[in-house]
Participant: 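Provided herewith is a single structure, encoded as structure tokens, for subsequent inquiry.
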Protein chains: 2
Amino acid sequence: MNNLVSIKSATLSEDIAQQLSNAIVQGDIPQGSKISEPELAKQYGVSRGPLREAIVKLEGLGLVTRTANVGARVIQLNTQDMLDTFSMREALEGMAARLAATSMPRNEVNRLYALLDKHQAYLDDNQDEHYVQQGGNDDFHLRIIHASGNAKLVRLLTEELYAVIRMYRRHTADQRSDPRQALREHRAILDAIANHEGDLAELLMRRHISRASHLLKQAMELSSLASQ
Amino acid sequence: MNNLVSIKSATLSEDIAQQLSNAIVQGDIPQGSKISEPELAKQYGVSRGPLREAIVKLEGLGLVTRTANVGARVIQLNTQDMLDTFSMREALEGMAARLAATSMPRNEVNRLYALLDKHQAYLDDNQDEHYVQQGGNDDFHLRIIHASGNAKLVRLLTEELYAVIRMYRRHTADQRSDPRQALREHRAILDAIANHEGDLAELLMRRHISRASHLLKQAMELSSLASQ
DNA sequence: AATAAGCATATTGTCGACAATGTGATGTTT
DNA sequence: AAACATCACATTGTCGACAATATGCTTATT
């Protein structure tokens, strides 16, 4: 019964929430599908108590919607919601870049330049195939967010919104073309931060995300994944 | 057992979450105090099941923090967290104002001008005492947020962040002085929106919130409520 | 007397069972 | 045959009880 990856956490509910979140983001539980409490409880080998707690958490993350006396459903990605989410990202990560420009320590700036060099080398070696940054420490955006020094902002972006954002990345086959362009934009943002130009850093970050949003929109409208 | 205000909702858990949220925002449950599940369950006349669900929701709203095997505690307001929260507000409501400038229908613009006139009249009649806008339909900021037309933004600001924001307003005795100045700023923002000047609307909204943040900071540093 | 170990108690985490609600099928009526 | 009512079933909501963990006190030891 106990499922494959069981990262022993302090409490069952946390474990289940983590696993369910991953399962949804990666599409193992398909979009729009119903979440059956008895079924999942049996599948994960726990009772319905902790499972329900996990579902409530997922609702807070916006990964499922719940209706009283009916149950929970996995969200259905669509273009409008994506655009809405990315508008929020634009505002929030723009603010993060602005803050980072005044508070990022010099050595972290250097580490980020090194990271971008690494990304560059990867593109050179893998004929421009997109770098797989699955939310780890190699994710440029996460590093900027953390450098903002705003704990609330970090929590919101990395714990509450990131699951959905990763879902959009994942399910559009990440075909937002031209990773070299994205890399150039990252470098420009970092330059602005290194020079403590908060206004410019915010502007560049917003353009960068706005552009990604446009590309994603085109991809979703062409792809059957969006309307399916 | 059953507590005073019981707005019969579809489910007990929703009810309790709502009541607990209000109790925390209004200070009936003091900051930093421990949330005892058995005690509250008895107090509200329910079992621990729905109560726990409510607590999990409150954790998602950032009103309490939970530690495994230890329990939940009401958050403790402090200046740094307030500044962090208001930076996010600045970014998000700035974006909302920008979006509202392009999507707010003419008649809603007119209704908002009427609302500001009403606020003006209130100040004239009540020797500048601050208008009590307890998150209702008379709240200028809420109206702007809804006018953004961004459903995700609305949910985030009005359901997830607003409880904490109201808490800051409440516990600083709302002594952010000069309501007439605030009203002037509201009017300037609305003018920009009416003229479809998104850039300006965003700029003004950000300044407006930034200013409120500074005032709140001063109030908190002077007041014992902040460090108490 | 101060510190540490151990124990008693209370609280949280988890479970299984019952109650309430929604859902789909069956059958009846027009 | 179509629409509606009724009923059986499955799922969600709620409850009380047990297990696991933390906390505070007592006691023993140095």
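In what follows, chains carry the letters A, B, and so on, assigned in the order in which the sequence lines appear, proteins first and then strands, with residues in each chain numbered from 1.
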Participant: Under the salt bridge (charged side-chain N to carboxylate O under 4.0 Å, His left out) test, which residues partner B/Glu37, sequence neighbours left out?
Facilitator: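 B/Glu37: salt bridge (charged side-chain N to carboxylate O under 4.0 Å, His left out) contacts with B/Arg48, B/Arg52.
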Participant: Please name all residues satisfying side-chain contact (heavy atoms from CB on, under 4.5 Å) with B/Glu202, sequence neighbours left out, ordered by chain then number.
Facilitator: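 B/Glu202 satisfies side-chain contact (heavy atoms from CB on, under 4.5 Å) with A/Arg206, B/Arg98, B/Arg206 only.
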Participant: Rounded to the Å, how far apart are B/Leu40 CG and C/dT12 C1'?
Facilitator: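 Spelled out: CG on B/Leu40 to C1' on C/dT12 is 14 Å.
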Participant: Kindly calculate the angle separating the two end axes of the helix from C/dA1-D/dT30 to C/dT30-D/dA1, each obtained from five base pairs, and round it to 10 degrees.
Facilitator: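 Overall, the helix from C/dA1-D/dT30 to C/dT30-D/dA1 bends by 10° from one end axis to the other.
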Participant: Can you check nucleotides 6-8 of chain C for protein contacts, nitrogen or oxygen pairs under 3.5 Å, and list what you find?
Facilitator:
none

Participant: What protein N or O atoms touch nucleotides 11-20 of chain D N or O atoms at under 3.5 angstrom, if any, and at what distances?
Facilitator:
residue : atom : partner : partner atom : Å
D/dT12  : OP1  : A/Lys34 : NZ           : 2.8
D/dT12  : OP1  : A/Ile35 : O            : 3.2
D/dT12  : OP2  : A/Glu37 : N            : 3.3
D/dG13  : OP1  : A/Asn69 : N            : 3.2
D/dG13  : OP2  : A/Arg52 : NH1          : 2.5
D/dG13  : OP2  : A/Arg52 : NH2          : 3.0
D/dG13  : N7   : A/Arg48 : NH2          : 2.8
D/dG13  : O6   : A/Arg48 : NH1          : 3.0
D/dT14  : OP1  : B/Thr11 : OG1          : 3.4
D/dT14  : OP1  : B/Leu12 : N            : 2.5
D/dT14  : OP2  : B/Thr11 : OG1          : 3.0
D/dC15  : OP2  : B/Ser47 : N            : 2.9
D/dC15  : OP2  : B/Ser47 : OG           : 3.3

Participant: Could you list the residues that satisfy side-chain contact (heavy atoms from CB on, under 4.5 Å) with B/Thr102, not counting sequence neighbours?
Facilitator: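 B/Thr102 satisfies side-chain contact (heavy atoms from CB on, under 4.5 Å) with no residue once adjacent residues are dropped.
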Participant: Can you sort out the partners of A/Ser87 under side chain to side chain donor-acceptor pair (under 3.5 Å), two or more places apart, ordered by chain and number?
Facilitator: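 A/Ser87: no side chain to side chain donor-acceptor pair (under 3.5 Å) contacts found.
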Participant: Under the side-chain contact (heavy atoms from CB on, under 4.5 Å) test, which residues partner B/Ser47, sequence neighbours left out?
Facilitator: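 Residues passing side-chain contact (heavy atoms from CB on, under 4.5 Å) with B/Ser47: B/Pro50.
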Participant: Show your reasoning for whether ring-ring contact (aromatic ring centres under 6.0 Å, His included) applies to A/His141 and A/His208.
Facilitator: CA-CA 11 Å; A/His141 286 264; A/His208 173 59; 5.1 Å; yes
Participant: Using the salt bridge (Lys or Arg N to Asp or Glu O under 4.0 Å) rule, collect all pairs that involve residues 143-152 of chain A, keeping only residues at least two apart or in two chains.
Facilitator: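 Listed by first then second residue: A/Glu108-A/Arg143.
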Participant: Could you list the residues that satisfy side chain to side chain donor-acceptor pair (under 3.5 Å) with B/Ser148, not counting sequence neighbours?
Facilitator: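 Side chain to side chain donor-acceptor pair (under 3.5 Å) check on B/Ser148 returns nothing, list empty.
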Participant: In chain order, what residues pass the side-chain contact (heavy atoms from CB on, under 4.5 Å) check against A/Ala201, with sequence neighbours excluded?
Facilitator: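 Partners of A/Ala201 by the side-chain contact (heavy atoms from CB on, under 4.5 Å) criterion, ordered by chain and then number, come out as A/Ala97, A/Ala101, A/Ala192, A/Ile193.
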Participant: Is the charged tip of B/Arg89 near the ring of B/Phe86: under 6.0 Å from the six-membered ring centre and within 45° of its axis?
Facilitator: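 Yes, a cation-pi geometry.
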Participant: Enumerate all atom pairs, one protein N or O and one N or O from nucleotides 5-9 of chain D, separated by less than 3.5 Å.
Facilitator:
none

Participant: Do we see a donor-acceptor contact under 3.5 Å between the side chains of B/Ser21 and B/Lys57?
Facilitator: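 Not at all, the side chains of B/Ser21 and B/Lys57 share no donor-acceptor pair under 3.5 Å.
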Participant: Check this for me, if you would: do B/Lys217 and B/Asp81 make a salt bridge, where the nitrogen-to-carboxylate-oxygen distance has to be below 4.0 angstrom?
Facilitator: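 Salt bridge absent between B/Lys217 and B/Asp81.
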